Chemist: 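Provided herewith is a single structure, encoded as structure tokens, for subsequent inquiry.
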There are 2 protein chains.
Amino acid sequence: MKVSTVEIVKAAGILKLLGDKTRLTMVKILDANDCCVCEFVEIFKMSQPAISQHIRKLKDAGVVREARRGQWIIYSLKKESDYYPLVQNLLNHLPNQDFKLKELEEQGLRISCE
Amino acid sequence: MKVSTVEIVKAAGILKLLGDKTRLTMVKILDANDCCVCEFVEIFKMSQPAISQHIRKLKDAGVVREARRGQWIIYSLKKESDYYPLVQNLLNHLPNQDFKLKELEEQGLRISCE
DNA sequence: TGCTTATATAAGCAGATTATTATATATTAA
DNA sequence: TTAATATATAATAATCTGCTTATATAAGCA
């Protein structure tokens, strides 16, 4: 298999970043749908600052990207990242998390796709 | 792509485990060659207890396996592990580390393959 | 303009992590 | 049996992490 290679220290950094169930789930969700912070707050039942801090780490590492849309800041996977092939490959081993956003929609709490 | 799936919390655990440059390098080396603790001590220029403790984490998670051979305990990747497909996939994104063992051989410090 | 909502940032603290030193155990060889 | 080598384990100290609370910033709306 021919795949893109990431320097070992950088790869360890990415794995450490994703080695947290909240961030890993976030990234898996973002792999299928863009999301804003308040949606993650609902999904994870965590405080807004806690979510913001997780997202910041993902952003600082270049794994996600932000885009303001009015009041909201929409996050998405940064597909041009050097790490994207590695991350993508990894996400393939995780069960789909779409049900989490489905639940939000049913509660009328979905923002990004309205 | 059809791949084996790992529960998200468990996957995060594995990624956290591998999110350390020493352990990640160890696993990449073990992907190509079995090794004993004293070789890792040489390779990483770290204390023996530090190496032992890293290896123990890998062993506790079921990522590596040990086999005593006389005085030495030889470690190898545990290919039957549920996590092996994920780990293997991940290792494909890392540059080869064979040169590290080559250096040991040149210094006459290689154990496992004598 | 001032209020509300969404998000970010900063400070602080508790628990986790990773190294160190000291010591124990197991195997081999003299 | 004793000494040497390889490894593991325990205690501990320093650093890192991930939350909390408090506060700042930015956009939308009355």
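Just so it is clear, the structure is predicted and the values come from calculations on it, not from any experiment. So you know, we letter chains A, B, ... as the sequences are listed, proteins then strands, and number each from 1. Any value given below was found using the heavy atoms of this structure, including those in side chains, with hydrogens, waters and symmetry copies removed.
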Chemist: Atom NZ of A:K59 and atom CZ of A:R65: how far apart are they, to the nearest 0.5 Å?
Modeler: 13.0 Å
Chemist: Checking the side chain of A:K100 only, and the main-chain atoms of A:I29 only, is there a donor and an acceptor separated by less than 3.5 Å?
Modeler: no
Chemist: Can you tell me the distance, in whole Å, between the CZ atom of B:R68 and the P atom of C:dT28?
Modeler: 8 Å
Chemist: Which one is paired to D:dT9, where only Watson-Crick or G-U wobble pairs with both distances under 3.5 angstrom count?
Modeler: C:dA22
Chemist: Of all the choices, D:dC19, C:dT7, C:dT20, which nucleotide is nearest to the side chain of A:W72 once you look at every atom?
Modeler: C:dT7
Chemist: Please determine if a side-chain N or O atom of A:R69 lies less than 4.0 Å away from the OP1 or OP2 oxygen of C:dA6.
Modeler: no
Chemist: Give a yes/no on whether any side-chain N or O of A:K57 is located under 4.0 angstrom from OP1 or OP2 of D:dT17.
Modeler: no
Chemist: Write down the distance between CD (B:E66) and P (D:dA6), rounded to a whole number of angstrom.
Modeler: 17 Å
Chemist: Can you find an N or O donor on one side and an acceptor on the other, under 3.5 Å apart, linking the side chain of A:Q48 with the base of C:dT9?
Modeler: no
Chemist: When you measure from the side-chain N and O atoms of B:K16 to the phosphate of C:dT17, is any distance below 4.0 Å, counting only OP1 and OP2?
Modeler: yes
Chemist: At less than 4.0 Å, is any side-chain N or O atom of A:R56 found next to OP1 or OP2 of C:dT9? Yes or no.
Modeler: yes
Chemist: Judged by each residue's nearest nucleotide on DNA chain D, which is more toward the 5′ side, B:K59 or A:A50?
Modeler: B:K59
Chemist: I need the CD-C1' distance between B:Q53 and D:dT7, as an integer number of Å.
Modeler: 12 Å
Chemist: Is B:H93 reaching over with its side chain to a backbone N or O of A:V3, donor-acceptor style, under 3.5 angstrom?
Modeler: no
Chemist: Rounding to a whole Å, what distance do you find between A:E39:CD and C:dT5:P?
Modeler: 17 Å
Chemist: Is there a side-chain contact between B:S47 and the phosphate of C:dT20, meaning an N or O under 4.0 Å from OP1 or OP2?
Modeler: yes
Chemist: Rounded off to whole Å, could you give me the CD1-to-P distance for the A:I55 and D:dG18 pair?
Modeler: 14 Å
Chemist: Tell me, do A:D82 and A:Y84 make a side-chain contact under 4.5 Å, heavy atoms counted?
Modeler: no
Chemist: Kindly compute the distance separating SG (B:C36) from CD (B:E42), expressed to the nearest 0.5 Å.
Modeler: 10.5 Å
Chemist: Could you check how far CD1 of B:I74 sits from P of C:dT27, rounded to whole Å?
Modeler: 14 Å
Chemist: Starting at CZ of A:F40 and ending at C1' of D:dC19, how long is that distance when rounded to a whole Å?
Modeler: 18 Å
Chemist: Rounded to whole Å, please give me the gap between CG in A:L15 and C1' in C:dT17.
Modeler: 17 Å
Chemist: Kindly say if B:Y75 contacts the phosphate of D:dA8, meaning a side-chain N or O under 4.0 Å from OP1 or OP2.
Modeler: yes
Chemist: It should be established whether B:H54 places a side-chain nitrogen or oxygen under 4.0 Å from OP1 or OP2 of nucleotide C:dT17.
Modeler: no
